[in-house]
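Residue numbering restarts at 1 for every chain, and letters A, B, ... go by the order of the sequence lines.
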Protein chains: 2
Amino acid sequence: MTARKQRLNPRKQPIQNRSKVTVDAILLAATQVFEAHGYAAGTTNRIASQAGVSIGTLYQYFPSKEAIAVALLERHITDTDHRLHEWVGHMVVERHGLCEALHDYVAGMLEIHTRQPRLQHILLEETPLPERVHQALLEAEQNAAKTVAGLIRLYPEVRSSCLEHTCFVIFQTVESLTHRYAAHPDDQFIPRTTFVDEVVKMLMAYLTCDMPSMAG
Amino acid sequence: MTARKQRLNPRKQPIQNRSKVTVDAILLAATQVFEAHGYAAGTTNRIASQAGVSIGTLYQYFPSKEAIAVALLERHITDTDHRLHEWVGHMVVERHGLCEALHDYVAGMLEIHTRQPRLQHILLEETPLPERVHQALLEAEQNAAKTVAGLIRLYPEVRSSCLEHTCFVIFQTVESLTHRYAAHPDDQFIPRTTFVDEVVKMLMAYLTCDMPSMAG
DNA sequence: ACATAAAGTGAGCATTTACTCATAATTGGT
DNA sequence: ACCAATTATGAGTAAATGCTCACTTTATGT
């Protein structure tokens with residue numbers, strides 16, 4: 001609750017191996033505590049306790065509660081980016097058809113969002129983040145959209161009057177649908193594989209069917 | 001912060017007109033304060049102050065901070081439901097084509113989500129809500145999906161091997177895409193009308209193009 | 001005019017939280 | 001064995017928050 005984020009840098013950098021282990025334990029504990037209690041109720045004291053270190057130790061390596069959340073989020077951004085590039089590399093090497101490529105894409109994104117759905121939700125939606133983190137997220141997202149566009153461009157069967165618009169919609173669709181599906185495990189009255197198949201069907205139709213332009 | 005939600009019912013029901021005005025003022029102030037500060041930092045004292053009533057008055061009509069959020073959310077659910085039925089009625093009377101119908105649907109949903117995007121985001125994502133509210137939301141959502149399915153069924157050009165699955169995907173797509181578009185005003189590097197048109201195009205393609213079944 | 005119910009007040013309490021700091025323990029190099 | 005740097009400790013602090021309650025003011029019916 002308090003808003004005294006005076007310190008911006010940690011007091012110590014982990015130098016010895018001992019302290020690196022401590023930092024990892026804190027981050028692991030933070031994921032567990034945030035997942036169990038949410039951001040607001042996930043207190044730093046609880047995180048320290050769960051990590052098996054004292055509250056003082058926690059504040060040696062993280063200048064604020066917010067810094068912990070930012071660290072977790074940065075890790076997630078890196079993971080996602082890595083995964084996406086892995087997927088593109090795979091597609092280019094294997095020369096899969098558009099349909100399989102989309103299937104891999106959707107399934108992969110769904111898996112990423114399913115890994116720690118609650119944590120991601122908490123970090124992305126519940127946590128009040130500084131502006132620079134929001135911008136980093138936006139940037140990462142735009143890069144991802146471009147990466148997707150770069151791959152889709154390779155398929156000649158794609159018919160689109162404006163590939164940029166189309167790819168924006170594709171990316172947003174996959175992102176928001178998989179996020180939503182993973183975040184609300186209760187809503188899922190259609191099974192996962194069916195869901196992926198249907199989404200792929202929709203994307204295929206959108207990409208390959210020539211629709212007449214809209215009427216006013 | 002405190003977790004002493006002992007009282008479940010308000011101490012008073014608004015009887016005279018005077019108190020009804022007060023309750024409205026509190027709810028209005030709550031939307032403003034939540035939009036400006038988020039849920040956690042949107043303190044009850046601030047809400048009361050913004051409403052021009054004392055903190056004591058607030059607690060006469062709302063037993064807890066949570067109750068205020070629930071009241072706002074219930075209002076939103078009602079609004080959305082009303083809007084959806086209005087749309088269906090309009091479509092049935094006017095006998096619009098599928099394309100126009102979808103266009104109206106997407107545009108309408110986008111407008112609903114644009115009305116108070118930040119407030120909705122706060123209520124739905126930041127606010128820790130009791131289980132019964134989550135269930136009410138789920139129920140409302142499923143009803144909405146059924147309503148949409150009921151309308152789509154009327155159009156003979158719709159080709160679908162399983163209308164239930166298709167409508168689930170349609171509904172989730174429109175819901176999550178419009179929500180996302182409205183919630184992140186920065187991401188919008190394609191204009192609103194283009195966005196609506198593209199989404200409609202995608203839905204049309206999905207609904208009317210016959211796609212071969214997926215390969216393993 | 002009067003009585004009773006309804007509506008409104010706001011200082012303050014109990015609790016919680018993020019964070020500090022003086023001190024102690026551990027480590028590694030010599 | 002010794003010392004300085006690194007790492008760890010946890011009781012304590014100041015600030016903030018949700019909420020209560022004893023009390024005052026206003027409206028209504030007769």
Bending between helix ends of the helix from C/dA1-D/dT30 to C/dT30-D/dA1 [5 pairs per end, 10° resolution]: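 The end axes of the helix from C/dA1-D/dT30 to C/dT30-D/dA1 are about 10° apart, to the nearest 10°.
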
For the student: nearest non-hydrogen atoms of A/Leu72 and A/Leu119, plus distance: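 Taking every non-hydrogen atom into account, CD1-CD1, 4.5 Å.
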
Find the distance [X]:[atom1] to [N]:[atom2] and express it as a whole number of Å.
| X | N | atom1 | atom2 | value |
| --- | --- | --- | --- | --- |
| B/Glu66 | D/dT17 | CD | P | 18 Å |
| A/Ile47 | C/dT16 | CD1 | P | 18 Å |
| A/Tyr39 | C/dT17 | OH | C1' | 12 Å |

For DNA chain C, the residues among residues 16-31 of chain A that have a non-hydrogen atom under 4.0 Å from it: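 Those residues are A/Gln16, A/Arg18.
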
For [X], check side chain to side chain contact (heavy atoms under 4.5 Å, CB included) against everything at least two apart and list the hits.
| X | result |
| --- | --- |
| A/Ala101 | A/Met91, A/Tyr155 |
| A/Arg192 | A/Leu110, A/Glu111, A/Thr114, A/Tyr181 |
| B/Ala145 | B/Phe171 |
| B/Glu94 | B/His90, B/His96 |

Report all side-chain donor-acceptor pairs from residues 28-35 of chain A shorter than 3.5 Å, counting only partners two or more places apart or in another chain.
from	atom 1	to	atom 2	distance (Å)
A/Thr31	OG1	A/Leu28	O	2.6
A/Gln32	OE1	A/Gln50	NE2	2.6

Upstream residue (5' side of DNA chain D) when A/Ile15 and B/Thr44 are each assigned their closest nucleotide: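 Its nearest nucleotide lies further toward 5', so the answer is A/Ile15.
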
Hey, does the side chain of [X] come within less than 4.0 Å of [N]'s phosphate (OP1/OP2), counting only N and O?
| X | N | result |
| --- | --- | --- |
| B/Lys65 | D/dG18 | yes |
| B/Tyr59 | C/dG10 | no |
| A/Arg11 | D/dT6 | no |

A/His179 and A/His113 aromatic ring geometry - parallel, tilted or perpendicular at 30°/60° bounds: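 Answer is perpendicular, since the angle exceeds 60°.
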
Residues which pass ring pair (Phe, Tyr, Trp, His ring centres under 6.0 Å) with A/Phe62, listed by chain and number, not counting sequence neighbours: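 Not a single residue meets the ring pair (Phe, Tyr, Trp, His ring centres under 6.0 Å) criterion with A/Phe62.
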
Please list, for nucleotides 9-11 of chain D, all pairs of protein and nucleotide N/O atoms separated by less than 3.5 Å.
from	atom 1	to	atom 2	distance (Å)
D/dT9	OP2	A/Ser54	N	2.8
D/dT9	OP2	A/Thr57	OG1	3.1
D/dG10	N7	A/Ser54	OG	3.4
D/dG10	N7	A/Gly56	N	3.3

Side chain to side chain donor-acceptor pair (under 3.5 Å) contacts in which one or both residues fall within residues 52-63 of chain B, not counting sequence neighbours: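 For residues 52-63 of chain B: B/Thr44-B/Tyr59, B/Ser54-B/Thr57.
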
Could you pull out all donor-acceptor pairs under 3.5 Å where a side-chain atom in residues 120-129 of chain A meets a protein atom, sequence neighbours excluded?
from	atom 1	to	atom 2	distance (Å)
A/Gln120	OE1	A/His76	NE2	3.1
A/Gln120	NE2	A/Ile112	O	3.1
A/His121	NE2	B/Glu125	OE1	2.7
A/Glu125	OE1	B/His121	NE2	2.7
A/Glu126	OE1	A/Tyr39	N	3.2
A/Thr127	OG1	A/Ile122	O	2.8

Side-chain donor/acceptor contact of B/Lys12 with base of C/dA6 under 3.5 Å: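 A donor-acceptor contact between them is absent.
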
Pairwise salt bridge (charged side-chain N to carboxylate O under 4.0 Å, His left out) hits with a residue in residues 9-23 of chain B, at least two apart: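 Those involving residues 9-23 of chain B do not exist here.
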
5'-most by nearest nucleotide on DNA chain C - A/Gly42 or B/Tyr61: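 Closest to the 5' end, via its nearest nucleotide, is B/Tyr61.
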
